[in-house]
Amino acid sequence: MGILGLPSRPDHGFRTPEGGVVHGVMAEFPNSAAVYHAAEQVRDAGFQKWDVFAPFPIHGIDEAMGMKRTKLPLIVAGGAITGITVALLMQWWMTAVDYPLVVQGKDYSAWEPWVPVTFELGVLFSAFSALIGMLALNGLPRWNHPLLKSERFLRVSDDKFVIVIEAGDAKFQGSDTVTMLQGMGATAVELVEE
Amino acid sequence: MSSVSANQPVADHAPAYLNDPALREENISLEPGKVGMVWKALAAVGVIGIVIAIIGAFVLPGMSENMTDGAAAVHVKGILLIGTLAVLGFSLGSLFFIMINAVGGAGWHVTMKRVLEQAALLVWLPALGVVLFAITEVIAASSDDRTGVVSSWLNPNIISEGYFITKKGVYFDPIFVGARLAFCVLVWIGMSRLVWGLSRKQESTGDRWLTNKLAFNSAWGLVVMALATAFFSFDWLMALTDYKFFSTMWGVYFFAGTLFVTFPAMALLLTFLRSKGKLQGLITAEHHHDLSKYMFGFIVFWGYIAYSQYFLIWYSQIPEETTWFMFRKAEWPGLTMFLVIGHFLVPLVLMFPRVMRRTALGFGTVAAWLVFMHVVDLYWIIRPSLGMTLDHPVGFTQGLWVDIAGIGGVICLYTGVLLWRLTKAPLVNVMEPRMPEALKHKNYI
């Protein structure tokens, strides 16, 4: 793993005929059913570094890909607890310690007025940690992605479905993997350069 | 709409989903033999509990010499009202939930809609309890010694005060109060029978347009239901405990409580039916997951409502409002803190993990706790005020077993009758047009 969990680019030894580093292979499928069943087979073959791209969400693709549940809720819970703690400490210190002021004859350390701010800060920190955590888990932001170089890949935002297996995967075996994807019903398989 | 409605016989256009094995006869009908012992035992325990509470209130230590102020009668009437309002909340919440789903065009819940309809249809039982309570109040208030009155606005020691007569006398004129109660009861029973009638008619005719008819009637019905339920809670919960106390949030507070108890009670009831081999494949972890989300939502909603109401009253310091909370905080501090922690904080945290919302052990444990806490909520509202205007309110703290027998008795009786009613009709209306959606229901997140 690279800095801050961003994916590094280890040299796995696979080269294109022109000598460039191979990012992976990209297989194109004609419809959602084909890509769904291909995904099940890729999952069962034990691949880890791969992904499915489609123009729209496919119901059940998570199971077909064997995706694990995200760790994001734990990150958000950490953000919420931090926000609540910060809010309570801040308000206690301000109203009861640093600058005690009688308001409507209430106790300096009355908890009642603290609740709205505590709630808001809990929500705010949760939202921040949700956004930042989501970006970090996805390896974002990044300047570019090798897949964006492929003309064929652009059609996943229109009418094509694509599976990409990265060359960095332990199970990746070059032309054997290409043959495997062709056997799953891919209409086209192409090499993606890093 | 009516011109399209053809009322064709089922066989002419029987949809393909009717062949789903989950909709087979024995899966969606509760034979009387399956729950015969259970409902009879529950009803018997309920009646015995109520009798024990009535007798117990009068034989509590110290009660015999205090009989002159009607303390025992006030005690047992207040306790039975707590139990009645708890089960009333379940019936009203079920009715609200059906109507909200109808207006929203929801489909996932139709496999549990019939059970909700049965709970809603049973609203007459707690409504009858409230009417009986109101009658005993009027009798007590008009008797010679005028003792045994629970409602603060009927209490002879209070209504002679000038403030009451000048400010609230008209609103609490007995005939006006009775008319409001009659309106509320008629609305509840009328709406529940309307919902039930449409569902049963759809079941026999297969007319899918009746679902639209339900949506239309739910749209205006929700407004009427909201008014009826809010004013009922003003009269028989808010003003009952202290006629000077008022909170514009009270109707919402009571509404939040009704749905707060509906989702856990429904989760427990459905889990019980599944344990009897019913609704297999119809009520799945996915449906329970959504019920649990509603449970979670109404834990938060109740917390939000209850805190906001308390916070504004705490800050503004209007004497007739703050005394209501001050009395409970000062005289019943343990119960007040228990409500904050047990009704909000603990279940909130318990419902965070996904597994708690999807497994019967997880949501079942929380659901049982939530039902209990809803009763504690009503107990906290009503119970402290029962002794307020009496000469000898001391004996009340000794009668916890009377409280448990009375409240538990009403809840057992209601549950027993509900189980008996469930054997009288199929557990699912198979002709619901959104049935395929409910059969395939799934949470993708």
Side-chain angles (χ1 to χ4, degrees), chain A residues 32 36 39 52 54 56-85 87-88 91 95 101-123 125-126 129-130 133-134 137-138, chain B residues 107-108 249 284-286 289 292-293 296-297 299-319 321-322 325-326 328-330 333 336-337 339-341 343-345 348-359 362 436-437 439-445:
Chain A
S32 58
Y36 182 93
V52 176
F56 49 79
I58 303 172
H59 277 180
I61 196 69
D62 302 39
E63 289 83 3
M65 291 176 67
M67 300 251 294
K68 296 185 189 69
R69 288 192 62 76
T70 172
K71 295 187 202 71
L72 192 60
L74 289 176
I75 298 173
V76 178
I81 292 167
T82 310
I84 289 166
T85 312
L88 288 175
Q91 292 176 92
T95 61
L101 190 67
V102 177
V103 179
Q104 290 221 328
K106 309 294 189 194
D107 287 346
Y108 295 135
S109 57
W111 61 271
E112 286 91 345
W114 297 354
V115 172
V117 174
T118 307
F119 171 75
E120 296 296 347
L121 221 56
V123 170
F125 277 47
S126 302
S129 50
M134 181 275 290
L137 290 176
N138 281 315
Chain B
W108 68 274
M249 194 47 95
T284 63
E286 306 294 337
H289 191 174
S292 300
K293 287 180 199 166
F296 180 79
I299 292 168
V300 178
F301 186 60
W302 182 90
Y304 164 60
I305 290 300
Y307 166 75
S308 302
Q309 174 176 271
Y310 169 74
F311 179 56
L312 294 181
I313 289 171
W314 176 84
Y315 239 142
S316 59
Q317 305 197 123
I318 299 171
E321 292 178 349
T322 47
F325 279 104
M326 281 303 294
R328 281 156 183 78
K329 275 174 79 177
T336 306
M337 280 317 292
L339 193 69
V340 174
I341 295 166
H343 204 293
F344 176 64
L345 291 176
L348 177 82
V349 174
L350 280 178
M351 288 300 266
F352 276 153
R354 191 174 196 257
V355 65
M356 291 294 285
R357 301 196 288 270
R358 288 181 70 89
T359 57
E437 185 184 337
L439 288 172
K440 284 186 292 192
H441 179 56
K442 192 160 166 31
N443 288 279
Y444 288 103
I445 50 164

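Lettering follows sequence order; numbering is per chain, from 1.
Side-chain contact between Val115(A) and Phe311(B) is absent, with no heavy atoms from C-beta onward closer than 4.5 Å. In this structure the side chain of Gln104(A) reaches within 4.5 angstrom of the side chain of Tyr315(B), judged on heavy atoms.
Partners of Glu63(A) under the salt bridge (charged side-chain N to carboxylate O under 4.0 Å, His left out) rule, at least two apart in sequence or in another chain, are Lys442(B).
Shown here is Tyr304(B), whose OH atom has no more than 12 heavy atoms of other residues, nucleotides or ligands within 6.0 Å. In Lys106(A), the NZ atom is crowded: over 12 heavy atoms of neighbouring residues, nucleotides or ligands sit closer than 6.0 Å. Counting non-hydrogen atoms of other residues, nucleotides and ligands closer than 6.0 Å to CZ of Phe325(B) gives a total above 12.
Annotation: maximal heavy-atom pairing with chain B below 4.5 Å, among Pro113(A), Gly105(A), Pro73(A), occurs at Pro113(A).
Both the backbone and the side chain of Pro116(A) come within less than 4.5 Å of a heavy atom of chain B.
A tilted orientation is assigned to the rings of Trp111(A) and Tyr307(B), their planes being inclined by 30° to 60°.
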